[in-house]
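For reference, the structure discussed in these notes is given below.
Throughout, residue positions are numbered sequentially from 1 according to the sequence presented.
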Amino acid sequence: MNELQKAAAGLLYDANHDPAVLEMRLQAKVKLHDFHALSPANVTARQAILRSLLGRIGARFTIEGPFHCDYGFNIGIGDDFYANVNLVILDGAPVTIGHHVFVAPNVGLYTAAHPLDAARRNQGLEYALPITIGDHVWIGAGVSVMPGVSIGSGSMIGAGSVVTRDIPAGVVAVGNPCRVLRATTEADARQTRFAKP
Ligand SMILES: CC(=O)SCCNC(=O)CCNC(=O)[C@H](O)C(C)(C)COP(=O)(O)OP(=O)(O)OC[C@H]1O[C@@H](n2cnc3c(N)ncnc32)[C@H](O)[C@@H]1OP(=O)(O)O
């Protein structure tokens, strides 16, 4: 098993020294460099670079820069995706994002982690667990999503949350650690005034 196959199997792999792994990350960095070098007005060329970088991206998407991912090929995104500035996706494992997902500024989707014991961590070993985000999800500003977490369709993650456990569909969830605040309801669809009393 090579290091990338170990990563795909959820095993510890050498992310810091293996030449094949380093080369894949370098290729992603070069594409991201080219993406960031283009004017925001050059929408078609910027989108073409992202299409060549990501495993899958559907119809109609905007990813504002700066944007960082480690590999790209592990990221699959549906139609109608919007990501605001400073999205970081550490995609040592698959990151699967549904349709109609909104991502606010300064969000991190972190599949990667290191062993807690310093001896193995210092060897450059890490593991990665998949992250899955359903359809119609809104992730608020500054949210961190931990390895292995799923967020159900239709849910909203409040600003500043650290999502350590799976979040079900159809809820508003907030906090560190992120917990369900309430279900989204019919009343949310009827709300016309958003000013706090
Ligand atoms: C795609 C983009 O670029 S979007 C631009 C960036 N914008 C954002 O990130 C805004 C994200 N919005 C939020 O986080 C909002 O606070 C929401 C959507 C979670 C508010 O949801 P609501 O159901 O209206 O919650 P409401 O404001 O009534 O608060 C309910 C309780 O949750 C708490 N709460 C609300 N948001 C959060 C949060 N992010 N973290 C922790 N607690 C929170 C409130 O303090 C309140 O607690 P209390 O009852 O003890 O007073």
ring-ring contact (aromatic ring centres under 6.0 Å, His included) contacts in which one or both residues fall within [range], not counting sequence neighbours:
range: residues 136-160; result: His100-His136
range: residues 148-175; result: none
range: residues 1-58; result: none
range: residues 139-187; result: none

Checklist entry - Any salt bridge (Lys or Arg N to Asp or Glu O under 4.0 Å) pairs touching residues 6-33, not counting sequence neighbours? => result Glu3-Lys6
Checklist outcome for this item: Residue pairs meeting salt bridge (Lys or Arg N to Asp or Glu O under 4.0 Å), one or both in residues 113-141, sequence neighbours left out, come to Asp117-Arg120
With a 4.5 Å cut-off on side-chain heavy-atom distances among I, L, V, M, F, W and Y, is there a chain of contacts connecting [X] to [Y]?
X: Val107; Y: Met146; value: yes
X: Ile49; Y: Ile75; value: yes
X: Ile97; Y: Phe61; value: yes
X: Ile139; Y: Phe102; value: no

Checklist entry - Side chains of Thr111 and Pro130: does their closest heavy-atom pair fall under 4.5 Å? => result no
Item to check | Single hit among Thr96, Leu90, Asp91, Leu4 for side chain to side chain contact (heavy atoms under 4.5 Å, CB included) with Asn74 | outcome: Asp91
Checklist entry - Linking Ile, Leu, Val, Met, Phe, Trp and Tyr through side-chain heavy atoms less than 4.5 Å apart, which residues share a cluster with Leu116? => result none
Does any N or O in the side chain of [X] come within less than 3.5 Å of the main-chain N or O of [Y], such that one atom is a donor and the other an acceptor?
X: Ser144; Y: Val162; answer: no
X: Gln123; Y: Leu125; answer: no
X: Arg165; Y: Val149; answer: no

Checklist entry - Among pairs that include at least one residue of residues 152-163, which meet side-chain hydrogen bond (donor to acceptor under 3.5 Å, both in side chains), considering only residues two or more places apart or in two chains? => result none
Checklist entry - Measuring from Leu50:CG to Ile77:CD1, what's the distance to the nearest 0.5 Å? => result 8.5 Å
Item to check | Evaluation steps, side chain to side chain contact (heavy atoms under 4.5 Å, CB included), between Phe67 and Val85 | outcome: CA-CA 7 Å; Phe67 164 60; Val85 296; over 6 Å; no
Contacts of type salt bridge (Lys or Arg N to Asp or Glu O under 4.0 Å), residue [X], not counting sequence neighbours:
X: Asp166; answer: none
X: Asp80; answer: Arg60
X: Arg182; answer: Asp188

Checklist outcome for this item: By side chain to side chain donor-acceptor pair (under 3.5 Å), Glu64 pairs with (sequence neighbours left out) Tyr82
